[in-house]
**Student:** 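Pasting a structure below so you can have a look.
Here is the naming used below: chain letters follow the sequence lines, and residue numbers restart at 1 for every chain.
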Protein chains: 2
Amino acid sequence: MYEEILDVAEELFMKQGYSDTSTRQIAKILGITQPNIYYHFKNKETIYYQVMRRLSNEVGKNLTELSAKATSFEEKILAMAFYLQQRHPFSLFMMMHDIQHTLNSETAEKMFTLWSDSYKKPFLDVFANEKQIRISVDSEFAVRQLFILISAYLDSPEERRKENLKQSVQLFFYGVLN
Amino acid sequence: MYEEILDVAEELFMKQGYSDTSTRQIAKILGITQPNIYYHFKNKETIYYQVMRRLSNEVGKNLTELSAKATSFEEKILAMAFYLQQRHPFSLFMMMHDIQHTLNSETAEKMFTLWSDSYKKPFLDVFANEKQIRISVDSEFAVRQLFILISAYLDSPEERRKENLKQSVQLFFYGVLN
DNA sequence: GTCTATACCCAGATAGAC
DNA sequence: GTCTATCTGGGTATAGAC
């Protein structure tokens with residue numbers, strides 16, 4: 001049951017965010033009672049943390065794998081962006097907001113560490129090996145910018161999600177001005 | 001009282017988002033009772049809409065003014081971005097999420113129209129008059145990308161907010177690659 | 001492990017007195 | 001216009017039986 005709860009919770013947290021997802025709702029989908037969840041988890045916050053821990057592990061592994069497979073800088077970044085979009089159909093901004101404003105600060109800090117290691121680091125590694133980057137561009141900053149852009153296309157509902165993300169990343173590569 | 005309620009509601013909606021702001025909280029700050037609010041507004045959703053209507057009007061006017069004052073493309077865009085950052089200390093993403101997932105679809109549509117007219121249009125006008133934009137770049141798309149970036153620096157808590165936003169916009173102008 | 005029952009709190013909204 | 005009282009419904013969490 002433990003893993004099933006995490007499965008359902010992951011989906012709902014992704015779609016609705018932390019506060020708009022209730023333990024009742026999770027229980028209902030699983031066909032169990034709401035208090036039952038409290039046999040498996042101390043409280044709602046630890047469910048959230050465990051969901052994110054599991055997800056981060058998976059994402060970190062897959063991002064690193066993908067970056068090894070592709071050859072050029074642009075291909076690596078695009079492949080990683082597409083993966084995040086497909087695995088993560090929700091806004092990272094919502095997540096960040098939840099983390100900062102709803103969870104207690106101890107949990108928040110642990111979640112930020114998860115993100116740095118699993119999401120940010122694979123991208124930073126790719127940037128570190130690329131020679132064609134403009135000298136005035138700071139890699140840390142650029143990776144953060146890239147995440148902002150990718151995040152915006154995670155919960156976009158339309159059919160053209162993937163092409164939009166591609167167009168966005170290309171704009172990120174080459175800018176708007178001549 | 002009507003305007004006072006909107007003042008307080010604006011601040012709270014900005015900081016906390018729609019669902020995490022309660023009518024009780026608004027009332028308490030104003031020193032009135034919670035049901036009193038329902039004399040002035042039909043329900044919570046109309047408060048949100050009126051807050052956004054008032055804000056959009058102001059923002060639309062000021063963005064247009066600012067774009068007229070500055071001379072170069074880069075200066076115009078930066079001035080408008082700084083204004084949004086200073087007037088809007090909250091995440092537009094949170095707002096978009098609230099609009100799409102919490103409000104009823106009729107209200108959502110009206111709010112989207114507000115945004116198109118007051119926020120997007122002034123930027124589109126600036127892009128329309130600029131000759132240095134790369135031919136493969138679509139203005140609509142670029143403006144949306146710019147909003148994504150600006151939004152990310154609205155609720156950033158740090159001291160370096162303004163410099164970060166500037167750096168971000170510059171990356172948007174020139175890209176990461178040579 | 002899963003259940004029922006329930007405590008407690010907070011939300012949005014309405015009725016009706018003043 | 002603002003109040004008190006209250007309805008209804010939702011939330012997290014705990015106690016204790018099976």
Side-chain angles (χ1 to χ4, degrees), chain A residues 1-53 90 94-95 97-108 110-111, chain B residues 1-53 90 94-95 97-108 110-111:
Chain A
M1 192 75 309
Y2 184 91
E3 292 291 330
E4 281 100 315
I5 292 172
L6 290 183
D7 291 339
V8 172
E10 176 180 312
E11 204 188 318
L12 295 181
F13 284 144
M14 280 183 171
K15 246 196 336 226
Q16 307 170 342
Y18 182 73
S19 15
D20 289 348
T21 298
S22 69
T23 54
R24 283 199 220 277
Q25 196 184 1
I26 296 170
K28 192 171 183 180
I29 291 174
L30 285 165
I32 61 174
T33 58
Q34 178 260 347
N36 190 348
I37 290 178
Y38 286 81
Y39 173 79
H40 300 281
F41 297 91
K42 196 172 128 271
N43 53 34
K44 185 180 167 185
E45 203 164 290
T46 69
I47 303 178
Y48 196 52
Y49 178 70
Q50 292 302 334
V51 162
M52 291 307 173
R53 206 178 54 81
F90 77 113
M94 273 293 296
M95 188 180 127
H97 185 272
D98 288 341
I99 291 175
Q100 285 175 40
H101 295 83
T102 318
L103 307 183
N104 83 51
S105 54
E106 199 191 330
T107 314
K110 291 201 301 190
M111 309 247 314
Chain B
M1 192 77 302
Y2 184 91
E3 292 292 328
E4 281 100 316
I5 292 172
L6 289 183
D7 291 339
V8 172
E10 176 180 314
E11 205 189 318
L12 295 181
F13 283 144
M14 279 184 172
K15 243 193 341 220
Q16 307 170 342
Y18 181 73
S19 14
D20 289 349
T21 298
S22 69
T23 54
R24 287 183 148 87
Q25 196 184 2
I26 296 169
K28 191 171 184 182
I29 291 175
L30 285 166
I32 61 175
T33 59
Q34 177 258 348
N36 190 348
I37 290 178
Y38 286 81
Y39 173 79
H40 299 280
F41 297 90
K42 195 172 128 270
N43 53 34
K44 187 180 168 185
E45 202 164 289
T46 69
I47 303 178
Y48 195 52
Y49 178 69
Q50 292 301 332
V51 162
M52 291 308 173
R53 205 177 55 81
F90 75 112
M94 275 293 297
M95 187 180 129
H97 187 272
D98 288 340
I99 291 176
Q100 285 175 41
H101 294 84
T102 318
L103 306 184
N104 82 51
S105 55
E106 199 192 330
T107 314
K110 291 201 301 189
M111 308 248 313

**Student:** Write down the distance between CD1 (A:Ile32) and P (C:dG1), rounded to a whole number of angstrom.
**Tutor:**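 It is 13 Å, rounded to the nearest whole Å.
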
**Student:** If I take atom OH in residue B:Tyr2 and atom C1' in nucleotide D:dT2, what distance separates them, rounded to the nearest angstrom?
**Tutor:**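 Taking OH of B:Tyr2 and C1' of D:dT2, I get 18 Å after rounding.
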
**Student:** What I'd like to find out is whether the side chain of B:Tyr48 reaches to under 4.5 Å of the side chain of B:Thr107, using heavy atoms alone.
**Tutor:**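 Answer no - side chains too far apart.
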
**Student:** If you compare every side-chain N and O of B:Asn36 against the phosphate oxygens of D:dC3 (OP1, OP2), does one of them come in below 4.0 Å?
**Tutor:**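 B:Asn36 to D:dC3 OP1/OP2: side-chain N or O found under 4.0 Å.
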
**Student:** Give, for atom OH of A:Tyr39 and atom CD1 of A:Ile32, the distance between the pair rounded to the nearest 0.5 Å.
**Tutor:**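 Reported value, rounded in 0.5 Å steps: 12.5 Å.
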
**Student:** Tabulate below the donor-acceptor pairs under 3.5 Å that side-chain atoms of residues 2-14 of chain B make, not counting sequence neighbours, or state none.
**Tutor:**
residue: B:Glu3; atom: OE1; partner: B:Arg54; partner atom: NH1; Å: 2.9
residue: B:Glu4; atom: OE1; partner: B:Met1; partner atom: N; Å: 3.2
residue: B:Asp7; atom: OD1; partner: B:Arg54; partner atom: NH1; Å: 3.0
residue: B:Asp7; atom: OD1; partner: B:Arg54; partner atom: NH2; Å: 2.9
residue: B:Glu10; atom: OE1; partner: B:Arg54; partner atom: NH2; Å: 3.2
residue: B:Glu10; atom: OE2; partner: B:Arg87; partner atom: NH1; Å: 3.3
residue: B:Glu10; atom: OE2; partner: B:Arg87; partner atom: NH2; Å: 2.9

**Student:** Can you tell me the distance, in whole Å, between the CD1 atom of A:Ile47 and the C1' atom of D:dA13?
**Tutor:**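 Whole-Å distance recorded here is 11 Å.
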
**Student:** So, for B:Met95 and B:Met52, which heavy atoms are closest and what is the spacing to 0.1 Å?
**Tutor:**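 So the two residues come closest at SD-CE, 3.8 Å.
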
**Student:** Between C1' on C:dA11 and NZ on B:Lys28, what's the gap in Å once rounded to a whole number?
**Tutor:**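 After rounding, the reported distance stands at 15 Å.
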
**Student:** Could you give the CD1-to-P distance, from A:Ile5 to C:dG1, as a whole number of Å?
**Tutor:**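 So the CD1-P distance, A:Ile5 to C:dG1, works out to 12 Å.
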
**Student:** Just the rounded figure in Å: distance from P of C:dT2 to CD1 of A:Ile26.
**Tutor:**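 Rounding to the nearest Å, CD1 of A:Ile26 and P of C:dT2 are 15 Å apart.
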
**Student:** Any chance you could lay out the side chain to side chain contact (heavy atoms under 4.5 Å, CB included) test for A:Glu45 and A:Tyr18, step after step, and finish with the verdict?
**Tutor:** CA-CA 9 Å; A:Glu45 203 164 290; A:Tyr18 182 73; 3.7 Å; yes

**Student:** Using five base pairs at each end to define the local axes, how bent is the helix from C:dG1-D:dC18 to C:dC18-D:dG1, to the nearest 10°?
**Tutor:**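 Overall, the helix from C:dG1-D:dC18 to C:dC18-D:dG1 bends by 10° from one end axis to the other.
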
**Student:** Are any non-hydrogen side-chain atoms of A:Leu103 and A:Tyr49 less than 4.5 angstrom apart?
**Tutor:**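 A side-chain contact is absent here, since even the closest heavy-atom pair is not under 4.5 Å.
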
**Student:** Evaluate side chain to side chain contact (heavy atoms under 4.5 Å, CB included) for B:Gln50 paired with B:Arg53, printing each intermediate quantity in order.
**Tutor:** CA-CA 5 Å; B:Gln50 292 301 332; B:Arg53 205 177 55 81; 3.0 Å; yes

**Student:** Is the shortest side-chain heavy-atom distance between B:Ile47 and B:Ile37 below 4.5 Å?
**Tutor:**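 They are in side-chain contact.
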
**Student:** Can you give one letter per nucleotide of nucleotides 12-18 of chain C, going 5' to 3': B for a protein heavy atom under 4.0 Å from the base, S for sugar-phosphate only, - for none?
**Tutor:** BBB----

**Student:** Calculate, to the nearest 0.5 Å, the distance between atoms OG and NE2 belonging to A:Ser19 and A:His101 respectively.
**Tutor:**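 It is 11.0 Å, given to the nearest 0.5 Å.
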
**Student:** Could you tell me the separation between the CD atom of B:Gln16 and the C1' atom of C:dC10, rounded to a whole number of Å?
**Tutor:**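 Interatomic distance, CD of B:Gln16 to C1' of C:dC10: 14 Å.
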
